[in-house]
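Any value given below was found using the heavy atoms of this structure, including those in side chains, with hydrogens, waters and symmetry copies removed.
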Amino acid sequence: MIEIDESSIKQQWASDKVLVSICCTAFNHEKYLRDALDGFLMQRTTFAFEVIVHDDASTDGTPELIMEYRNKFPSIVKPLLQTTNQYSQGKMIFIDFIFPKVRGDYLAICEGDDYWIDRNKLQKQIDYMIQFPQCNISFHPAIGLRNNGKKNTLSKSSDMVKIFSVEDVILGGGDLMPTASLILTRKVFPKLESLYAIYPSPPVWDVAIQFLGALTEGALYIPITAAVYRIFSEGSWSEKMQKNKDFSVASTQGVLKLYRELNIISQSNYEASFKEMEVLIVKAYLSDPGLPRQFRKKLLETYSHLGLKKLEIFYLLLFNRIKNIIKKRIGYTAT
């Protein structure tokens, strides 16, 4: 735990009115969560913030760790501890549990296995969002930390502050904005609730946040590398996609459905970009050797109208097989 107390965190706050609610979702993250919580509490800001930590009935020491921080920072750390796993019950954690507790005008997101590394991250990001009030979401680059200790910079799109268009966000496919970098305004909440009403359990919720946050004025990019994203951490979506074939098939179908629903919500105003993204997604899944052969065959038949070239898919599949063999040997995968 960081050597700091509540009074030193609050000493620069101009007011006790919460401006930013930091949201951390955790499940069996005992191994990582201390880094995340320390990253939140080291923030130096002129405004008040709170830390909402939702634990979805972890079976390790995650709940006890959260309470350890709550006891030391009782007016800042706000635990939401489940005794039954809510995700498996079809609940949407943000919609059903977190949004009702948010007091701030802004919501900063960081999952329990990621963490922040810049103590001025919140202050810098909020200052820019106030400067560009038309943008309801902002993001920045992050460091990708692989399971073999290797690091690389993710999503460094520019050396300058920039607004990315909605079309840019769609074609970014979820990779444009690291989840641990996201801050959105309360104006995005109703849009996410509208999606939830027609699609209760999207497999990649961060994609929905990015797109609906960017509607209609785009996403604000800030050139600070202020977070770490763990790649293939235990229990992560990326690890499950690689190790569990049933999960990867269901997620593939869910991702394609999500983009269709997002297109409907936006009243087809960005249909050209969604169609382009559909081709990219289907091509990526068809050339993924981790997906079952019969499923890839069915996928090709279902999306034959996209005019995909079988020879191109074959060469991409071969390339990905070789790439995966190399990744396994140097420790870049979840296995």
Indicate, with yes or no, if I322 and L316 share a hydrophobic cluster defined by side-chain heavy-atom contacts under 4.5 Å among Ile, Leu, Val, Met, Phe, Trp and Tyr.
no
Atom [atom1] of residue position [X] - does it have more than 12 heavy atoms of other residues, nucleotides or ligands inside 6.0 Å?
{"X": "Y199", "atom1": "OH", "answer": "yes"}
{"X": "Q267", "atom1": "CD", "answer": "no"}
{"X": "K187", "atom1": "NZ", "answer": "no"}
{"X": "K124", "atom1": "NZ", "answer": "yes"}

Derivation of the side-chain hydrogen bond (donor to acceptor under 3.5 Å, both in side chains) call for D96 and Y196
CA-CA 10 Å; D96 293 319; Y196 182 58; 3.0 Å; yes
[X] side chain to [Y] backbone, donor-acceptor under 3.5 Å:
{"X": "Q43", "Y": "L122", "answer": "yes"}
{"X": "S21", "Y": "L107", "answer": "no"}
{"X": "D55", "Y": "I66", "answer": "no"}
{"X": "R103", "Y": "K101", "answer": "no"}
{"X": "E6", "Y": "S75", "answer": "yes"}
{"X": "S155", "Y": "D175", "answer": "yes"}
{"X": "K191", "Y": "L215", "answer": "yes"}
{"X": "W13", "Y": "V18", "answer": "no"}

Approximate separation, where rounding is to 0.5 Å, of [X] [atom1] and [Y] [atom2]:
{"X": "E30", "Y": "D113", "atom1": "CD", "atom2": "CG", "answer": "14.0 Å"}
{"X": "H140", "Y": "M177", "atom1": "NE2", "atom2": "CE", "answer": "12.0 Å"}
{"X": "F139", "Y": "Y221", "atom1": "CZ", "atom2": "OH", "answer": "7.0 Å"}
{"X": "I109", "Y": "C23", "atom1": "CD1", "atom2": "SG", "answer": "6.5 Å"}
{"X": "E278", "Y": "N263", "atom1": "CD", "atom2": "CG", "answer": "9.5 Å"}
{"X": "M277", "Y": "E167", "atom1": "CE", "atom2": "CD", "answer": "14.0 Å"}

Between D60 and F27, is there a side-chain heavy-atom distance shorter than 4.5 Å?
no
Close side-chain approach of D56 and T25, heavy atoms under 4.5 Å:
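Not in contact.
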Where do N85 and S88 land on the side-chain hydrogen bond (donor to acceptor under 3.5 Å, both in side chains) test, with the steps shown first?
CA-CA 6 Å; N85 185 270; S88 64; 3.1 Å; yes
Charged N-O contact under 4.0 Å between R34 and E68
yes
Start with the C-alpha distance between Q125 and S138, add both sets of side-chain angles, then the distance that settles side-chain hydrogen bond (donor to acceptor under 3.5 Å, both in side chains), and finish with yes or no.
CA-CA 7 Å; Q125 206 163 349; S138 69; 3.0 Å; yes
Kindly state each residue pair satisfying side chain to side chain donor-acceptor pair (under 3.5 Å) with at least one member in residues 291-307, sequence neighbours excluded.
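Listed by first then second residue: R260-Y303.
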Please walk me through it: do H54 and Q82 pass side-chain hydrogen bond (donor to acceptor under 3.5 Å, both in side chains)?
CA-CA 8 Å; H54 181 279; Q82 303 292 348; 3.1 Å; yes
Might you work through the side chain to side chain contact (heavy atoms under 4.5 Å, CB included) test for V161 and F132, ending with a clear yes or no?
CA-CA 10 Å; V161 174; F132 294 89; 4.0 Å; yes
Between D38 and Y69: side-chain donor-acceptor atoms closer than 3.5 Å
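On atom types as modelled, these side chains qualify, holding a pair under 3.5 Å.
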Verify the distance criterion only: is there a donor paired with an acceptor across the side chains of T46 and Q123 at less than 3.5 Å?
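Yes, a side-chain donor-acceptor pair sits under 3.5 Å.
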Could you list who else is in I117's hydrophobic cluster, with ILVMFWY side chains joined at under 4.5 Å, directly or through other members?
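The other cluster members (ILVMFWY side chains, heavy atoms under 4.5 Å, direct or chained) are Y115, I143, L145, V228.
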Please determine if K162 forms a cation-pi arrangement with F164, meaning its NZ or CZ atom is less than 6.0 Å from the six-membered ring centre and no more than 45° off the ring axis.
yes
State which residue, out of T185, L19, I126, fulfils the side-chain contact (heavy atoms from CB on, under 4.5 Å) condition with D105.
L19
